[in-house]
Protein chains: 2
Amino acid sequence: MGKGEQTRDSILDTALDQASLVGLEGLSIGDLAKKTGLSKSGLFAHFGSKEALQVEILRTAVWRFAKIVVAPAQRQAKGIDRLRALFENLLDWTEMGGIRGGCIFLAAAVELDDREGLAREFLVESQLNWLRTLTKAVLRTVREGDLGAGVNSQDFAHEIHGIYLAYHQAKRLLHDPGAKGRALRAFETLIANNR
Amino acid sequence: MGKGEQTRDSILDTALDQASLVGLEGLSIGDLAKKTGLSKSGLFAHFGSKEALQVEILRTAVWRFAKIVVAPAQRQAKGIDRLRALFENLLDWTEMGGIRGGCIFLAAAVELDDREGLAREFLVESQLNWLRTLTKAVLRTVREGDLGAGVNSQDFAHEIHGIYLAYHQAKRLLHDPGAKGRALRAFETLIANNR
DNA sequence: TAATAAAACGAACGGTCGTGCTGTCAATTC
DNA sequence: GAATTGACAGCACGACCGTTCGTTTTATTA
């Protein structure tokens with residue numbers, strides 16, 4: 001790995017963390033340069049535009065998400081175990097990934113939903129991809145017999161996603177200590193109601 | 001109502017809409033002045049600081065939410081009808097309220113969750129208040145016999161909230177035309193599973 | 001209608017924003 | 001070890017940021 005690539009990666013590490021705190025738009029190149037010990041123009045040259053930087057931040061996040069949430073779950077037996085692993089990994093993925101400001105995909109979702117451009121397009125594709133992964137895991141769980149044959153896998157995936165969203169907000173905005181317990185409970189109830 | 005108050009209200013109408021599009025921080029006073037036909041300093045004098053303006057925007061949103069979502073539901077019979085009215089009003093409240101950028105409480109939640117200050121405090125109080133309203137409606141539904149006695153009203157309220165969050169994201173980020181149908185289905189399934 | 005108070009304006013403040021351009025220094029390649 | 005490429009710094013740009021000030025216009029009250 002050449003020098004440039006190395007610097008670029010360390011910029012993106014810092015940028016991801018920072019963007020989770022202040023948002024993709026709120027993030028400033030000057031501030032990021034200060035935090036990484038580079039000059040503003042030196043940092044800027046790595047990406048060429050702020051939008052490109054934002055896309056790369058999202059790409060970094062996707063990569064980390066895959067490593068922390070998806071990959072370990074694939075090592076579980078297909079069916080309910082794998083689905084549960086996906087969900088439980090999801091709950092802690094930002095902490096595991098060293099991201100202080102919470103799930104950047106949720107932050108970006110509300111920040112970009114009215115904008116247009118490459119960052120939005122990349123985010124939409126990522127989210128669709130995640131929902132597909134979740135849906136597929138549900139479908140396999142049905143096939144394994146751990147969920148009833150009448151379960152609509154897509155609806156089910158969205159319900160799991162909703163539990164995550166509520167959990168995330170309760171934890172990060174309301175500082176609700178019961179958030180995680182409630183999320184786990186909601187997940188198990190959802191499973192139990194659809195056996 | 002004096003002239004000042006009148007102007008202030010029309011500023012807040014525009015500001016609420018704009019903040020829903022670009023966020024509470026992304027909103028700029030100069031741009032807002034242009035859109036309302038005022039000078040920057042003239043507008044600024046109404047609030048004294050940007051943070052105060054943000055709080056007033058949230059207050060405006062709360063007021064409108066109460067009028068569109070909560071008040072009509074109170075005219076329904078207590079129990080399942082009222083709970084359902086709350087949920088269904090919730091799904092369309094931003095369109096009904098003439099807010100183009102989606103639910104500002106969700107946008108503000110991810111924007112403010114790492115900040116501190118009056119805006120964050122106001123938002124937390126608002127969200128807790130909404131969850132209490134929802135919880136109370138669930139509790140009454142249990143008492144009316146439309147939900148089983150074993151239902152944990154607080155958990156139940158959070159699950160409804162989660163359905164809303166997933167719906168909102170699917171609609172606004174993914175432009176999923178099936179979002180509303182799925183949300184209504186999820187709600188009814190949740191009710192049916194807890195009778 | 002005159003006196004008073006409220007509302008809005010215009011200009012300017014110090015800062016920061018994203019983005020160029022030019023030069024220099026260091027790393028890679030021959 | 002020289003030549004070439006790439007990484008980064010320094011400086012400047014025009015634009016816009018939130019905020020303050022003193023002044024002028026408009027609305028309210030006596």
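Small disclaimer: the values here were computed from a predicted structure and weren't measured. As a basis for the values below, the full set of heavy atoms in this structure was taken, side chains included, without hydrogen atoms, waters or symmetry mates. In what follows, chains are A, B, ... by sequence order, proteins preceding strands, each numbered from 1.
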Residues two or more places apart in sequence or in another chain: which of them pass ring-ring contact (aromatic ring centres under 6.0 Å, His included) with B/Phe65?
B/Trp93, B/Phe105, B/Trp130
Nearest whole angstrom, please: distance from the C1' of D/dC16 to the NZ of B/Lys34.
9 Å
Close N/O contacts between protein and nucleotides 19-26 of chain C (under 3.5 Å):
from, atom 1, to, atom 2, distance (Å)
C/dT19, OP2, A/Lys50, N, 2.7

Going from CD1 on B/Ile68 to CG on B/Asp92, what distance comes out if it is rounded to the nearest 0.5 angstrom?
10.0 Å
Indicate whether the side chain of B/Glu56 and that of B/His46 have a donor and an acceptor atom separated by less than 3.5 Å.
no
With a 4.0 Å cut-off on heavy atoms, is A/Leu38 in touch with a base, just the backbone sugar-phosphate, or nothing at all?
sugar-phosphate
So do A/Asn193 and B/Leu190 actually touch side chain to side chain, heavy atoms under 4.5 Å?
no
Indicate whether OP1 or OP2 belonging to D/dG6 is found under 4.0 Å from a side-chain N or O atom of A/His46.
no
Nearest whole angstrom, please: distance from the P of C/dT16 to the CG of A/Leu32.
16 Å
Pick the nucleotide of DNA chain D nearest each of B/Gly2 and B/Leu27; which residue has the one closer to the 5' end?
B/Leu27
Under the 3.5 angstrom rule, does the side chain of B/Glu111 hit a backbone N or O of B/Glu25 as a donor-acceptor pair?
yes
What I'd like to find out is whether the side chain of B/Ile11 reaches to under 4.5 Å of the side chain of B/Phe47, using heavy atoms alone.
yes
